Amino acid sequence: MAAHRRSAHRKPKQRPLTGPAARTAATLALAGAATAGSVTGAGAVPAEPAPTAAQVKAKVDRLYHDAEVATEKYNGAKEKADAATRNLDALTDEAARRTDRLNTARHALGSLATAQYRSGTLDPALQLALSSDPDAYLERASYLDRAGDRQTGLLRNIKRQVSRIAQVKARADEETERLAARRTELREHRTAIRAKLADARKLLDTLTAAERADFERSADAQHGGGPDRADRSTARSGPVSATDSRAGQAIAFAHGAIGKPYVWGATGPNAFDCSGLTQAAWKAAGVSLPRTTYTQINAGQRIPRSQLAPGDLVFFYSGISHVGLYIGGGQMIHAPRPGAPVRIAPIDQMPFAGATRVA
């Protein structure tokens, strides 16, 4: 009896799980372990630390520089698109003029053919035999010969006009394709610029008010001080004297632009980007410069930094993505970046890439 009670209280022997039941149990065990780990923090991936103000500034500076590179590419594509538009307009006008001339020639040929049909003609030998006035006949025959020559000339002119119109239209088709490609390129660069500027704004929004103010102060120092400090005081003293009168005119224009905002793709009069400012300044002096930094550097005589004179163009970065107008004393007037208006700045604040003398 006692033995029976002992056996009744003994725990039943556990059988090992096999097959699907074993796999289900293992899965549940792993899930429980993962849940426990997440609760206790064991094995959790640490969150990425927020960038410091210095890291934000470095990223924003890089984004602004990348946006300026894209801006110069946009300016170059726009210059080519504008040229393609002008060429297409000229070809369209030429085709219209040639079509008018063709229609005039066709009308003249039709009038001549109608006149000959109405007058009718006989065989020349028979007309001579029947004519009571041989002299009159010969005079009329001479007129008919001239009319035949005129008809031949009109036909030749029509053929020539048709051929030239076909050539003009073929060139217009090529120019239309070229313009479409330029417009696609414009859209790509415009999208890149806007994306980089938007990323820069998002990064700046992560800064506190104090950090943002510190960023603006450091950016102003990098680009030559704020517009309410050295820029305006220097501007009141008047343009730096230049030995070349046209250089003096360009500098005077740039001084007048101080304080105006930077806007990518702008050439004035109310806003500028860097190459837009130098182009507008030299245009005021009667000199036509190309639109972009990488073409402006080849628009005159290359000079070493040691020979800089007021009015020279000074270029920066390895990709020739920024330009300013040198005014002497190691200073330039330039349009720095979005949020930083046209101002005076030292040329040694950016990596110097070269200089060009325009006049």
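Position 1 is the first residue of the sequence; numbering continues from there. From a predicted model like this one, the values you see are computed outputs, not experimental measurements.
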Review point. CZ of Phe315 to CD1 of Ile347: how many Å apart, nearest 0.5 Å?
Key: 12.5 Å

Check your understanding: Do the non-hydrogen side-chain atoms of Lys283 and Ser288 ever get within less than 4.5 Å of each other?
Key -> no

Check your understanding: Can you tell me if Thr278 and Gln296 form a side-chain donor-acceptor pair at under 3.5 Å?
Key -> yes

Practice item. Not counting sequence neighbours, list each pair that qualifies as a salt bridge (Lys or Arg N to Asp or Glu O under 4.0 Å) and has a residue in residues 291-317. Key: Asp273-Arg291, Asp312-Arg357

Point to revise | Which atom of Ala257 lies closest to which atom of Leu277, heavy atoms considered | key: CB-CD1, 3.8 Å

Side chains of residues 202-209: which donor-acceptor partners sit under 3.5 Å, not counting sequence neighbours?
unit_1: Thr206; atom_1: OG1; unit_2: Leu203; atom_2: O; d: 2.5
unit_1: Thr208; atom_1: OG1; unit_2: Glu211; atom_2: N; d: 3.1
unit_1: Thr208; atom_1: OG1; unit_2: Glu211; atom_2: OE1; d: 3.4

Study note, to complete from the structure: All heavy atoms of Ile193 vs all of Ala70, minimum pair found to be CG1-CB, 3.5 Å

Practice item. Could you pull out all residues at least two apart from Arg171 that satisfy side-chain hydrogen bond (donor to acceptor under 3.5 Å, both in side chains)? Key: none

Review point. Taking C-beta and beyond as the side chain, do Leu308 and Val314 meet within less than 4.5 Å on heavy atoms?
Key: yes

Review point. Sequence neighbours excluded, which residues qualify as side-chain hydrogen bond (donor to acceptor under 3.5 Å, both in side chains) partners of Arg97?
Key: none

Review point. Any side-chain heavy atom of Gln279 within less than 4.5 Å of one from Thr267?
Key: yes

Check your understanding: How many angstroms lie between atom CZ of Arg98 and atom NZ of Lys169, to the nearest 0.5 angstrom?
Key -> 12.5 Å

Check your understanding: Can you list every salt bridge (Lys or Arg N to Asp or Glu O under 4.0 Å) pair that touches residues 249-262, not counting sequence neighbours?
Key -> none

Check your understanding: Under 3.5 Å, is there a donor-acceptor pair between the side chain of Arg343 and the main chain of Pro341?
Key -> yes

Check your understanding: Distance from Ile333 atom CD1 to Ile327 atom CD1, nearest 0.5 Å?
Key -> 4.5 Å

Exercise for review: Please list, chain by chain and in numerical order, all residues satisfying side-chain hydrogen bond (donor to acceptor under 3.5 Å, both in side chains) with Arg187, sequence neighbours excluded.
Suggested key: Thr184

Check your understanding: Does some side-chain heavy atom of Met332 sit less than 4.5 Å from a side-chain heavy atom of Met350?
Key -> yes

Review point. Linking Ile, Leu, Val, Met, Phe, Trp and Tyr by side-chain heavy atoms under 4.5 Å, what else ends up with Leu179?
Key: Leu88

Check your understanding: Which residues pass the ring pair (Phe, Tyr, Trp, His ring centres under 6.0 Å) test with His189, sequence neighbours left out?
Key -> none

Check your understanding: How far apart are the closest heavy atoms of Ala285 and Ala250, and which atoms are they?
Key -> CB-N, 4.0 Å

Review point. Is there a donor-acceptor contact under 3.5 Å linking the side chains of Ser275 and Glu72?
Key: yes

Review point. Are Tyr64 and Pro338 side-chain neighbours, meaning at least one heavy-atom pair lies under 4.5 Å?
Key: yes

Exercise for review: Measure the spacing between OG1 of Thr293 and NZ of Lys73 and express it to the nearest 0.5 Å.
Suggested key: 10.5 Å

Review point. Quick one: are Ile344 and His255 in side-chain contact, heavy atoms under 4.5 Å?
Key: yes

**Study point:** Qualifying residues under salt bridge (Lys or Arg N to Asp or Glu O under 4.0 Å), relative to Asp82, sequence neighbours excluded
**Key:** Lys78

Practice item. Give a yes or no answer on whether the side chain of Asp214 reaches the backbone of Ala210 with a donor-acceptor pair at less than 3.5 Å. Key: no

Point to revise | Check: Thr292/Thr295 side-chain N/O donor and acceptor closer than 3.5 Å | key: yes

Study note, to complete from the structure: CG (Asn87) and CD (Glu94) are apart, to the nearest 0.5 Å, by 11.5 Å

Practice item. Kindly give the cluster partners of Leu91, where membership spreads through any ILVMFWY side chain lying under 4.5 Å from a current member. Key: Val168

Review point. To the nearest 0.5 Å, what is the distance between NZ (Lys80) and CG (Asn75)?
Key: 12.0 Å

Exercise for review: Could you check His65 against Tyr317 for ring-ring contact (aromatic ring centres under 6.0 Å, His included), going step by step and ending with a plain yes or no?
Suggested key: CA-CA 9 Å; His65 177 256; Tyr317 300 103; 4.3 Å; yes

Practice item. Tell me, yes or no, whether the heavy-atom count around Arg190 atom CZ, taken from other residues, nucleotides or ligands under 6.0 Å, exceeds 12. Key: yes

Check your understanding: Tyr326 versus Ile251: any side-chain heavy-atom pair under 4.5 Å?
Key -> no

Check your understanding: Among pairs that include at least one residue of residues 256-279, which meet ring-ring contact (aromatic ring centres under 6.0 Å, His included), considering only residues two or more places apart or in two chains?
Key -> Tyr74-Trp264

Check your understanding: How far apart are the C-alpha atoms of His322 and Cys274, what are their side-chain angles, what is the distance that settles it, and do they pass the side-chain contact (heavy atoms from CB on, under 4.5 Å) test?
Key -> CA-CA 6 Å; His322 191 76; Cys274 67; 3.6 Å; yes

Point to revise | Qualifying salt bridge (Lys or Arg N to Asp or Glu O under 4.0 Å) pairs, either residue in residues 325-334, two or more places apart | key: none

Exercise for review: Indicate if Leu325 and Ile320 have the same hydrophobic cluster label, given that clusters are the connected sets of ILVMFWY residues with side-chain heavy-atom separations under 4.5 angstrom.
Suggested key: yes

